[in-house]
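First comes the structure, then the notes that go with it.
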Number of protein chains: 2
Amino acid sequence: MTRPRGRPHRNRAPASRERILDAALELLDTGGIEGFTMRALADRLQVNPMTIYHHFGDRDGLVDALSEHVYAEVSAPASGAFLERMRSLLQAYHERVLAHPGLTLLIFSQPAVFPRQAQRITDEIKLLLAEAGLPSAMSRLWLNILVDFTHGAAIASAMGDRSSSATRDAKEDYDKTLSVLLKGLNT
Amino acid sequence: MTRPRGRPHRNRAPASRERILDAALELLDTGGIEGFTMRALADRLQVNPMTIYHHFGDRDGLVDALSEHVYAEVSAPASGAFLERMRSLLQAYHERVLAHPGLTLLIFSQPAVFPRQAQRITDEIKLLLAEAGLPSAMSRLWLNILVDFTHGAAIASAMGDRSSSATRDAKEDYDKTLSVLLKGLNT
DNA sequence: ACCTGAACACCGTTCAAGT
DNA sequence: ACCTGAACACCGTTCAAGT
């Protein structure tokens, strides 16, 4: 190691939360869940493995921070027809999943991590269903349908092809499938 | 280690495929995906870790064998109304998922493993949809819906509560939700 | 054919020590 | 406050050796 032992002088900090998160996403998108280790990430950052622990606590903390970072802007438009707002929300979430499929697998395979963003998005779906005036029993079942379908589609995209053309097809396929599903909500 | 070094005399074989698979499921159901390691499994079997490799090749091979073992008998009844056959198939699969939730996470988090049983069940759904006379474009979209919903429900059950009362509720909840979903297929 | 033992190249993480 | 180095208790797996 060429780096001196102490704290680097200001404007030279080799690791910030931002830089670590970006590098982590790159590593995950490139090498998949398999190659995503604390030590590999440290190597990529040219930093001691323990530096990451200083910023995120532990591996679960890092995964949690990643999902906060990736899903933060997913939300339904404030106005519009109920069905279109729901469609926008689910498509926005799916777009983020397609952008970083490995993160989905990482979250699902790390039982200790249940990202707040996942809960927030679920709550938003629930709220939309309530606003649409569905009876509460029906609303609960449709919440299951939409959440489970979304997670299943996430898994499918995470296990599938990763070429950009396949990703485009995946988006189109998802949109069409979602339309069919949402027809059931309309009747 | 008290066990002698060579091959044990017959009727004393400490490990058979069957015995290893049963112990593996017990370990997985008890300790979850976290504690499921080759070495922990070997300990539980009172056997050298390498014994498992002799029977299953490697960890992926073991997970593959587990899914063959658990999902082998999932299939649609040979006769009956289309919708009831579909419902039976999906319920049968979901029942196996509820019985061993950890296995679902294990499969999804191990990209190298794509169980033949998963493909077989998917093919059966596809066949049922074709027999029902759906146009092929529609059939493809409904395949997405049913498969993704099923996988999403599997994830949900794997991440949720594991008490037997929660499991019973989960079954009831799934059955009701599935009914709502299948109504869309009927129209 | 089936099992063991030792060893290798990894992990995540703790703890002490630097500036 | 932020970073490093060494060490610990694990992993999955290979290879050689036993019967």
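Nothing here was measured: the structure is a model prediction, and the numbers come from that model. The sequence lines fix the lettering, A, B, ..., with proteins before strands; numbering per chain opens at 1.
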From the options C/dC11, C/dT4, D/dG12, select the nucleotide whose nearest atom is closest to the side chain of B/Arg39. D/dG12
For A/Met50, answer base if it contacts any base atom (sugar-phosphate contacts may also be present), sugar-phosphate if it contacts only those atoms, and nothing otherwise; contact means non-hydrogen atoms under 4.0 Å. base
Using atom CE of A/Met38 as one end and atom P of D/dC8 as the other, report the distance to the nearest whole Å. 21 Å
Would you say A/His55 reaches D/dC3's phosphate, i.e. side-chain N/O to OP1/OP2 under 4.0 Å? yes
Can a salt bridge be assigned to the pair B/Arg85 and B/Glu131 using a cut-off of 4.0 Å between side-chain N and carboxylate O? yes
For DNA chain D, the dot-bracket pattern of Watson-Crick and G-U pairs whose distances stay under 3.5 Å, | for other-strand partners: ||.|||||...|||||.||
Which residue pairs satisfy the salt bridge (Lys or Arg N to Asp or Glu O under 4.0 Å) criterion with at least one member in residues 47-65 of chain B, sequence neighbours excluded? B/Asp64-B/Arg116
Spell out, as yes or no, whether a donor-acceptor pair under 3.5 Å connects the side chain of B/Ser88 to the backbone of B/Glu84. yes
Protein-nucleotide distance (A/Tyr53, atom OH; C/dC15, atom C1'), rounded to Å: 14 Å
Between B/Ala40 and A/Pro49, who's closer to the 5' end of DNA chain D by nearest nucleotide? A/Pro49
Between CG of B/Leu27 and C1' of D/dC11 the distance, given in whole Å, is 14 Å
Return no unless some side-chain N or O of A/Thr51 is found under 4.0 Å from OP1 or OP2 of D/dT4. yes
Rounded distance in Å - CG (B/Leu62) to P (D/dC11): 15 Å
Indicate yes or no for a side-chain donor-acceptor contact from A/Arg120 to the backbone of A/Val74 under 3.5 Å, with no hydrogens or angles considered. yes
One thing to verify: whether A/Lys171 and A/Glu95 come together as a salt bridge, which I'm taking to mean a side-chain N less than 4.0 angstrom from a carboxylate O. no
Measure from the side-chain N and O atoms of B/Thr51 to the backbone N and O of B/Asn48, and report whether any donor-acceptor pair falls under 3.5 Å. yes
Just how far, in rounded Å, is C1' of D/dG12 from CG of B/Leu106? 14 Å
Testing C/dT13, C/dT4, D/dG12 for proximity to the side chain of A/Arg59, the answer is C/dT13
Nearest-Å distance for atom pair CD1/C1', residues B/Ile52 and C/dC2: 14 Å
Would you give me the side-chain donor-acceptor pairs under 3.5 Å for residues 141-150 of chain B, sequence neighbours excluded?
from	atom 1	to	atom 2	distance (Å)
B/Asn144	ND2	A/Asp173	OD2	2.8
B/Asn144	ND2	A/Thr177	OG1	3.1
B/Thr150	OG1	B/Leu146	O	2.7

Mind calculating the distance between CG (A/Asp43) and C1' (C/dA9) to the nearest angstrom? 14 Å
Atom pair distance, as rounded to whole Å: CZ in A/Phe56 and P in C/dG12: 15 Å
